[in-house]
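First comes the structure, then the notes that go with it.
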2 protein chains.
Amino acid sequence: MVDMSSPTPPVAPAPRRSDATRNAILTAARERFAADGYERATIRAIARDAGIDPSMVMRYYGSKEGLFAAVLDVDLRLPGMQGVDPREVGEVLVSHFLDLWEENREVLTAMVRVGTTNQTGAEGVRRIFRDQIVPLARQVCPDPEQAATRAALTASQIMGMALTRYVLRLPPTVALSREEIVKWLGPTVQRYLTAPYPTPYPG
Amino acid sequence: MVDMSSPTPPVAPAPRRSDATRNAILTAARERFAADGYERATIRAIARDAGIDPSMVMRYYGSKEGLFAAVLDVDLRLPGMQGVDPREVGEVLVSHFLDLWEENREVLTAMVRVGTTNQTGAEGVRRIFRDQIVPLARQVCPDPEQAATRAALTASQIMGMALTRYVLRLPPTVALSREEIVKWLGPTVQRYLTAPYPTPYPG
DNA sequence: GGCATAAGCCAACAGGTGTTGACCAACAGT
DNA sequence: ACTGTTGGTCAACACCTGTTGGCTTATGCC
C-alpha cells in the first residue's frame with residue numbers, strides 16, 4: 001500500500017538494492033496512466049520515462065496489470081470524524097478530498113480514468129470505496145444500516161466533481177475556487193451523510 | 001445529429017442505398033465503445049458485429065475518430081423548463097436524466113467511458129454541456145450570469161451518479177431505486193440551480 | 001580474490017492495430 | 001444492352017503492443 005504521507009513507508013519489509021528503480025517505474029507509471037489511460041500508457045513509454053528497459057517493468061511487476069494494480073494501491077488517509085462538529089462533517093470532508101486531489105492528482109486521476117475503462121480499475125475503485133469510504137460513513141451516520149448507501153451518495157458527488165473538474169475539465173468547474181466548492185458541495189455531502197431521510201430541505 | 005426520439009431523422013438529407021449498413025455500423029460502434037472504451041473497441045470487432053468488412057467503416061466514417069465523433073453526436077432532448085413549478089425543477093431534471101440513461105445506456109456510457117480517456121471524447125462532453133445543459137440552466141437560474149456555474153454543479157452531481165451507478169457499478173448506487181435517487185438528488189440539483197448562493201440550508 | 005546473485009540491457013517473437021488500394025458485384029440511367 | 005457509379009470484399013502494409021530469454025555487468029559475501 002502506498003502511504004502518500006511519508007516518502008518512505010513506515011515499515012520497510014526488505015530494503016532491496018533495486019528500490020530506486022522500482023520507485024522510478026511506479027512514479028512514471030502513475031503519470032502515464034493518469035495522462036493517457038490504461039491502454040495508451042505503454043510499458044515502453046513508462047520505461048523510457050523511468051530511464052530503464054521495458055523488461056525491468058516485467059521483472060518487477062510481472063505484467064502490465066500487475067504494475068497497474070500497484071499504482072492503484074492507494075491510501076486516502078481519511079481522517080477520523082470523532083472530533084469534528086457533526087454539523088461540519090460535510091465541509092470537512094469535501095475540504096479533505098480537495099486537498100487530497102491537489103496533492104495526488106496523478107494517482108486519483110489515473111484511478112478515475114482507468115476505473116472507467118478497465119475491469120481491474122473498476123474493481124480497485126470499488127475496493128477503495130468499500131474499505132475506506134464506507135467505514136468513515138459508519139462513524140457519522142445516524143443509522144449504521146444506511147452507511148453504505150450514504151457513503152455511495154457522497155462518493156457520487158465527490159467523484160462527480162473530480163470527474164468534471166480534473167478529468168473532463170468543464171470550464172466552469174475548473175474556474176471554481178476551493179472555497180466555492182466547499183460552500184456548494186459541503187451541505188450536499190452533509191445532507192447525504194446525516195439527514196434523517198430524503199427531504200427537500202434538511203434541518 | 002442522432003435524434004433518439006424517432007427511428008428516422010425528421011429531415012432525411014439524401015436517402016442512400018447504404019443507409020442500412022451505415023446504421024448497422026453506428027449501432028455496433030455504440031455498443032462496442034460503451035462496453036470496451038475507445039482503444040479496446042477495435043474497428044475489426046465493430047465491423048464483425050455489423051456483419052461487414054472493416055474497410056467499410058473507413059469508407060463511411062473516414063477513420064476511427066470519425067466514427068467515434070458520429071457516435072458522440074447526441075441529442076439529450078432536454079425538455080423546456082417553462083411550465084415546471086420552479087420548486088420542482090430539481091426532481092424533474094434528475095428524473096429526466098434517469099429516463100435518458102436507461103433508454104440510451106450505450107451512448108451515454110460510451111460518452112463517459114471515452115470522455116475520460118480520449119481527447120476527442122472529452123471535447124464531445126464539453127460541447128454537449130455547453131450547448132444543451134447550460135442553456136437549460138439559463139431558463140431556471142435567478143441570475144443568468146451564474147448559469148454556467150450552476151449548470152456545472154448540476155452536471156457534477158448527475159454525471160457522478162452516472163459514473164458510480166452505470167460505469168463503476170458501486171453496489172449501493174446500483175441498488176438504489178429510481179424513486180430513492182430522485183428523492184436524494186432532486187433537492188441537491190434544486191439547490192445548485194436556484195438557491196440564492198451557497199448556504200448550508202437553502203430556503 | 002572468487003563467486004553466487006541481483007540488476008540491467010538487447011534483440012526478438014507473436015499477435016493485433018488502423019488504414020489502404022486493388023478488385024468484384026449489383027444497381028441505375030440512358 | 002451498355003456503362004458509370006455505388007456497395008462491398010480481400011489481402012496486404014507498416015506499425016506498435018506485451019512479453020520472453022539470453023546476455024553482460026555490478027554488487028555483496030566468504
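All chains are named by letter (A, B, ...) in the order of the sequence lines, taking the proteins before the strands, and each is independently numbered beginning at 1. Since the model is a prediction, treat every value here as computed from it, not as a measurement.
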Next item on the list: Mind checking side-chain hydrogen bond (donor to acceptor under 3.5 Å, both in side chains) for A:Tyr38 and listing every partner two or more places apart, or none if nothing turns up?
Entry: none

Notebook entry, point to check: Once you round it to whole Å, what is the distance between C1' of C:dG16 and CG of B:Asp36?
Noted result: 15 Å

Next item on the list: Any pair with a residue in residues 119-133 of chain A that passes salt bridge (charged side-chain N to carboxylate O under 4.0 Å, His left out), sequence neighbours left out, goes on the list, sorted by first then second residue, please.
Entry: A:Asp73-A:Arg127

Next item on the list: Write out all pairs satisfying ring-ring contact (aromatic ring centres under 6.0 Å, His included) with one or both partners inside residues 112-131 of chain A, taking only residues at least two apart or from two chains.
Entry: none

Next item on the list: Scan residues 155-168 of chain A for pairs that pass salt bridge (charged side-chain N to carboxylate O under 4.0 Å, His left out), counting only residues two or more places apart or in two chains.
Entry: A:Glu102-A:Arg165

Notebook entry, point to check: Heavy-atom contacts under 4.0 Å between residues 109-125 of chain A and DNA chain D, which residues?
Noted result: none

Margin query: Applying side-chain hydrogen bond (donor to acceptor under 3.5 Å, both in side chains), can you list everything that pairs with A:Glu65, at least two apart in sequence or on another chain?
Written below: A:Thr120

Notebook entry, point to check: Who are the side-chain hydrogen bond (donor to acceptor under 3.5 Å, both in side chains) partners of A:Thr149, not counting sequence neighbours?
Noted result: none

Notebook entry, point to check: Heavy atom of residues 38-50 of chain A under 4.0 Å from DNA chain C: which residues?
Noted result: A:Arg44

Notebook entry, point to check: Do any pairs count as a ring-ring contact (aromatic ring centres under 6.0 Å, His included) and have a residue in residues 73-102 of chain A, sequence neighbours left out, and if so which ones?
Noted result: A:Trp101-A:Tyr166

Notebook entry, point to check: For A:Arg178 and A:Ser95, does a side-chain donor sit closer than 3.5 Å to a side-chain acceptor?
Noted result: yes

Check: Which residue pairs pass the side-chain hydrogen bond (donor to acceptor under 3.5 Å, both in side chains) test when at least one of the two sits in residues 133-144 of chain B, sequence neighbours left out?
Finding: none

Next item on the list: Could you list the residues that satisfy side-chain hydrogen bond (donor to acceptor under 3.5 Å, both in side chains) with A:Thr117, not counting sequence neighbours?
Entry: B:Thr117

Note to self: Heavy atoms within less than 4.0 Å of DNA chain D: which residues of residues 52-65 of chain B have one? Give them sorted by number.
What the structure shows: B:Ile52, B:Asp53, B:Ser55, B:Met56, B:Arg59, B:Tyr60

